[in-house]
**Student:** 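Once you've had a glance at the structure underneath, I'll fire off some questions.
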Number of protein chains: 2
Amino acid sequence: MLDSLPPLNALKAFEAAARLGSVTAAAQELSVTHGAVSRQIRALEAHFDTSLFERAGRGLVLTRYGRQLHAGVSEAFTGLRASCRALNREIEGAPFTLACPGSLLARWLIPRLDRLHRELPSLRLNALASDGEPDPRRGDISAALAFIAPPWPSDMEVIEIAPETIGAVAAPGIAERLTTRPFDALFDETLLDTASRPQAWPQWAHACGLDDDALVRARQSGQSFEHLYYLLEAALAGLGVAIAPRLVIEGDLQSGRLVAPWGFVDTDARLCLLLARGTPRQSGEQLATWLRHEVTTRA
Amino acid sequence: MLDSLPPLNALKAFEAAARLGSVTAAAQELSVTHGAVSRQIRALEAHFDTSLFERAGRGLVLTRYGRQLHAGVSEAFTGLRASCRALNREIEGAPFTLACPGSLLARWLIPRLDRLHRELPSLRLNALASDGEPDPRRGDISAALAFIAPPWPSDMEVIEIAPETIGAVAAPGIAERLTTRPFDALFDETLLDTASRPQAWPQWAHACGLDDDALVRARQSGQSFEHLYYLLEAALAGLGVAIAPRLVIEGDLQSGRLVAPWGFVDTDARLCLLLARGTPRQSGEQLATWLRHEVTTRA
DNA sequence: CATGTAATGTGAGTTTTTCTCAACGGTGGT
DNA sequence: ACCACCGTTGAGAAAAACTCACATTACATG
């Protein structure tokens, strides 16, 4: 295909000037000085080796060739503008689908969804529970929220939201009967955890200075759940002491349905927002900012 | 109107890459490196804040949004290309209308028209006689050929072709009877000139060192014609001695129908090509070059 | 399974284009 | 006659685009 296209920006300037009948007006529309537009038009005239405007003192009048060019070009530009506006609408109007572990969704995100919709109305967030590994590479998902440990996957963008803090929690009844006893009496209770995070108890115990062997013994009579969600239900029901991320049980702590008298410790994992490729970066960053704010101010 | 147009050169790169399904192929078509195209596409993706291609190892595949954009954009670009090609055809196909004083046309240009059409076939020259002042500002004229003296008009482009040289000429019979007599015996003959160039005789006589007063006396019995054309016919008919631009009577000198034994002198006028605004500069310069060559080699 | 080939992506630096600023020149209204 | 407005232009500054060289990835082949 021959390079029969003239300089496009010159064409843009010409189109505006021809439509508005004035270099100055075109310059305003294009947010440049009138000198710039004048030059672009000159360049186009040089390209076609003909004059496109008659300089008629006050303003401009199209020549025969200018009229012909403008007729075709304005149509094409209208089409171009329409296509781009349509695409923008499409992109901006698309819902932002966020995958999120079920427990985090139910216990942390859903209670905040209303506020999110109010504060980020343009995002049109669509939250859904992800079972197992979050994978925003799935076509129908814009991003995933998850606790993950470094190294970050390299094939998608990872935005850190907050460090993960975990701690032992229990129903108030259990905690009460432990308050007068030594710290490691904790191990006399049934220890609950999830199959997906076997390192949680050791990490926490180690950070708290508890004896590893005692923990190993204690876990033998403990119970493991498939999902964090069941684990928490078990803890709420008073079945034992659970280990869980602070964020997920935040609401239960505030309502008093769970207590965590033994404190929390950071892990090497982070709460991260994983952006699928092709996801509008702006939306992702908006959401990340909102999440970060939500975590730090109302944690 | 909102500036809803993306960077057009990025759009051009995208259109080519989408159409050809390859960054490298697009780069070849646009005569740039693949890096340049890659960057332009990135810029466009940044503009829309979405990805337009899936990078699928070997080549590229349009995403949903990319497909949508390309559908609209390729159509617009096709229209743009068509408009510009049409305009180019229009401009290049337009005949080049050259106005020319009748005598110059008849005695100098017309004998050379055949060669001109052969050597500059793309010009499609259309020569016509201009009465009175040549004015390429008239809409239907591309350029004018004329002897004019400085200063040049400022509202059109002036290309100098050659200096004007004028001289006294006469039919061979008249010249013969003067050869044995002194130079200023010339003034005994009937002096012929044109109403449009009353200064021609004095200029020539002065440059030749002839007596001004004698000239004034001689002209009182001379005759003035409205056009150079009639003047030359009179000289050919042996009515007297005419003063004329060398170029116009060149053919008559060579054929021996006129002689100019007294030589020629330069005036301050020039043979110029006056280009109307809007006339393709390339055509004008082509013609000017040809004219200059024709004047100097076959004068 | 290493290796080669062909494709895209990217950092740094350079070239080219484009823009702005400030001045000039012409036109029309008051 | 003056003023306000508009387009043009030269010089220098700013921005965009490009090139080069290399990295990276996927597919094909020996």
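Throughout, a chain's letter reflects where its sequence line sits, starting with A, and its residues are numbered from 1. Computed from a predicted model, the values in this text were never measured in an experiment.
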**Student:** Within a reach of under 6.0 Å around CD of A:Glu285, are more than 12 heavy atoms found that belong to other residues, nucleotides or ligands?
**Tutor:**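 Buried by this count: over 12 neighbours within 6.0 Å.
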**Student:** Just the rounded figure in Å: distance from P of C:dG28 to CG of A:Leu60.
**Tutor:**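 Interatomic distance, CG of A:Leu60 to P of C:dG28: 13 Å.
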**Student:** Whole angstrom is fine here: how far is it from CG in B:Leu11 over to P in D:dA16?
**Tutor:**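 The distance from CG of B:Leu11 to P of D:dA16 comes to 17 Å, rounded to the nearest Å.
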**Student:** Without decimals, in angstroms, what is the distance between B:Asn9 CG and C:dT18 P?
**Tutor:**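 Distance, rounded to whole Å: 8 Å.
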**Student:** Tell me the interatomic distance from A:Phe14, atom CZ, to D:dG7, atom C1', rounded to whole angstroms.
**Tutor:**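 These atoms are roughly 16 Å apart.
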**Student:** Any donor-acceptor pair under 3.5 Å linking the side chain of A:Arg55 with the backbone of A:Phe53?
**Tutor:**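 Side chain of A:Arg55 to backbone of A:Phe53, a donor-acceptor pair under 3.5 Å: yes, one is there.
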**Student:** Can you tell whether the side chains of B:Glu15 and B:Arg81 come within less than 4.0 Å, N to carboxylate O?
**Tutor:**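 So B:Glu15 pairs with B:Arg81 through a salt bridge.
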**Student:** Quick one: is D:dC6 close enough that its OP1 or OP2 comes under 4.0 Å of any side-chain N or O from A:Ser22?
**Tutor:**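 No, A:Ser22 has no side-chain N/O under 4.0 Å of OP1/OP2 on D:dC6.
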**Student:** Is the closest basic N to carboxylate O distance between B:Glu160 and B:Arg292 below 4.0 Å?
**Tutor:**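 No, this pair does not count.
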**Student:** Whole-Å distance between D:dA16 C1' and A:Leu8 CG?
**Tutor:**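 From A:Leu8 CG to D:dA16 C1': 15 Å.
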**Student:** Generate the contact string for nucleotides 19-28 of chain D. Rules: B means base contact, S means sugar-phosphate contact only, - means no protein heavy atom under 4.0 Å.
**Tutor:** B------S--
**Student:** Is any side-chain heavy atom of B:Phe77 closer than 4.5 Å to a side-chain heavy atom of A:Leu8?
**Tutor:**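 Contact flag for B:Phe77/A:Leu8 side chains = yes.
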**Student:** Roughly how many Å is it from CG in A:Leu52 to P in D:dG7, rounded to a whole number?
**Tutor:**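 Spelled out: CG on A:Leu52 to P on D:dG7 is 15 Å.
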**Student:** How about B:Glu164 and B:Thr267: does a side-chain donor come under 3.5 Å of a side-chain acceptor?
**Tutor:**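 The criterion, which ignores hydrogens and geometry beyond distance, is satisfied for B:Thr267 and B:Glu164.
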**Student:** Given atom CZ of B:Arg42 and atom P of C:dG9, what is their separation to the nearest angstrom?
**Tutor:**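 Those two atoms, CZ and P, are 5 Å apart.
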**Student:** When you measure from the side-chain N and O atoms of A:Gln40 to the phosphate of C:dT17, is any distance below 4.0 Å, counting only OP1 and OP2?
**Tutor:**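 No, no such contact exists.
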**Student:** Out of B:Glu54, B:His70, B:Gln68, which one pairs with B:Leu62 under the side chain to side chain contact (heavy atoms under 4.5 Å, CB included) rule?
**Tutor:**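 Among B:Glu54, B:His70, B:Gln68, the one meeting side chain to side chain contact (heavy atoms under 4.5 Å, CB included) with B:Leu62 is B:His70.
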**Student:** Starting at atom NZ of A:Lys12, determine the distance to atom P of C:dT17, rounded to an integer number of angstrom.
**Tutor:**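 These atoms are roughly 17 Å apart.
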**Student:** Please check the phosphate of D:dG7 (OP1 and OP2 only) for any side-chain N or O of A:Thr24 closer than 4.0 Å.
**Tutor:**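 Affirmative; the distance criterion is met.
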